[in-house]
Amino acid sequence: MKVMKKVLLTTLIAATPMMAQVKEKIEVPYIAFPIKMGKGFDVVQANCLMCHSFGYIINQGRQSKKFWAGKVDKMIVHFKAPITDKDRKVIIDYLYEHYGNGKEQ
Amino acid sequence: MKRREFFKTAAVSAGAAALGTTTAEAGVTHQPVDNRKISDVAFPEKRPLITYSDRPPLLETPREVFTCALTPNDQFFVRWHMPDIPTYIDTDKFTININGLVKKELKITLKELKEDFEQVEVAAVLQCGGNSRSAFEPTAGGIQWGSGAMGCALWKGVRLRDILDRAGIKKGAEWLAVQGSEKAAYYETPNFIRELHLDELDDHVIIAYQMNGEDLPYLNGFPVRLVIPGVYSDSWIKMITNITVTDKYKKLFFMDHAYVVPDNECECETPEKKFPKTKPIYRMNVKSIIGYPSNGAKLTLKSQAVVRGVAFDGGAGIREVQISLDGGKTWDKAILDSGKLGRYAYRTFRYGFKPSKLGKLEIMAKAINKLGEEQPLAKDIKWNHGGYKYNGIDVVTVEVV
């Protein structure tokens, strides 16, 4: 009996092709995050979009210079972002100017 | 925005006073950010959600959804770490590869997974360890989630144990390295892999292909993901392609540096002085969220109002949810659902009352689990640099008119 049932089940499934709800490539939309324009933006754009969107920067809120320097260094040290010393400084200044809270520390 | 500012200042000064030190040294915790805007753009198989990022996709579920025991698939939160995620899976060719210290290497197709193994189901909460991170002050590292980086679903799949038994584990095997399909954009960035000790595998750990009776949505890990009930979601690897059985633990970035808390009793530290020893986050603590009403809702004086929400923990099960309408002076029991979804799922709760005074009213919800562990007040939660495991008593402020 058990064998019969199993055979029945297999035939039934074999008759139905593997179906997925989504049959084509999914299209992940692009979001235009409202990042601020200003001095150094081109450097940020060149260095900070490789691994994630600007959404990552924006949702942090206003922060100190030390905070932003820490983030840029985290990207370089932990995630191996290939950012030069010169660019690093421009990026920190840009982030602090547009997403800073007025505090150095 | 105004409300958020209000909570921030209120909680910050209260916390500092209690600790008798300045906030900068101590680090404090307040209610997480609430009422973030829902995007007007919908992601594949999703309704519009709170959107932090498109690459990788980071989507948060709005508070209003946390009145149901099972979170609808199209409102379930989304969290990836790497920008390169497959946007198409050929279901006929896809295989899960089992290798390493096994007697027989396996390449299991989806068809085999669904037909050649016992099929099992488990209802379980999936929550990001950083859920509610925006509660921490100063800002803790990572995405500043509100309280919606969580959901509960009925997962269907195959026990990981059964699969490993079929492959046959060799002597000396101790660890599993589970790898998904998300890839870093830059070859030197650490990939997202999770290691599990073989002892962690109980019968509830499954490789799931279905969520609430449907295929997993792509953004939740189609075609298969790991389900580890009671445990934070960084362990629930999505789009699993490979499982390697090993005898040694290999240091991994996300497990050893990212998803960690201080390895001390309070799992806490100060912003200035990080605790040197850390441990990966693992079992979830007890938590509840009010789904209705939301902050800013208007209730009518003397008409019957209802508070609804969800409560859960790491698998001990919820014993009670209590509601306070007087700032935590007195607490009253809410009614829990039958609990038929099991100890890893949300327990929904409801509480009826008649607002008796005009003006602002604070509604607080506190869950207590079967071990007697209960949620602390937000201000009593201790800071940690990753902003993990926040489980403060939820507070919504409504207006009685």
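A note on names: the letters A, B, ... follow the listed sequences, proteins ahead of strands, and every chain is numbered from 1.
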_side chain to side chain contact (heavy atoms under 4.5 Å, CB included), that's the test. Do B:D116 and B:R166 meet it? Break it down for me._
CA-CA 11 Å; B:D116 298 354; B:R166 182 127 350 152; 3.8 Å; yes
*What orientation do B:W145 and B:Y52 show, parallel under 30°, tilted 30 to 60°, or perpendicular over 60°?*
perpendicular
*asked:* So that I can tick it off, tell me whether A:D73 and A:R88 are bridged by a salt bridge, with the cut-off set at under 4.0 angstrom between side-chain N and carboxylate O.
replied: yes
*Hey, mind stepping through B:Q119 and B:Y209 against side chain to side chain contact (heavy atoms under 4.5 Å, CB included) and telling me if it holds?*
CA-CA 10 Å; B:Q119 308 295 301; B:Y209 55 83; 2.4 Å; yes
*With respect to chain B, which residue among A:K71, A:H78, A:H52 yields the maximal number of heavy-atom pairs within a distance under 4.5 Å?*
A:H78
_B:S53-A:S53 side chain donor-acceptor pair, cut-off 3.5 Å_ = yes
_Interface moiety of A:F33 toward chain B, non-hydrogen atoms closer than 4.5 Å_ = side chain
_Under 4.5 Å from any heavy atom of chain B - which part of A:E24_ = backbone
_chain A contact via B:W80 - side chain, backbone, both or neither, heavy atoms under 4.5 Å_ = backbone
*The single option from A:E97, A:Q63, A:H98 passing side-chain contact (heavy atoms from CB on, under 4.5 Å) against A:W68*: A:Q63
*Select one option (side chain, backbone, both, neither) describing which atoms of A:E27 are under 4.5 Å from chain B's heavy atoms.*
backbone
*Side chain / backbone / both / neither for A:K66 at chain B, heavy atoms under 4.5 Å*: side chain
*asked:* Does any backbone or side-chain atom of B:L58 lie under 4.5 Å from a heavy atom of chain A? Answer side chain, backbone, both or neither.
replied: side chain
*chain A heavy atoms under 4.5 Å from B:L219: which part of the residue, side chain, backbone, both or neither?*
side chain
*Is there a donor in the side chain of B:E45 and an acceptor in the side chain of B:Y218, or the other way round, less than 3.5 Å apart?*
no
*Pick one of side chain, backbone, both or neither for A:F54, based on which atoms fall under 4.5 Å of a heavy atom in chain B.*
neither
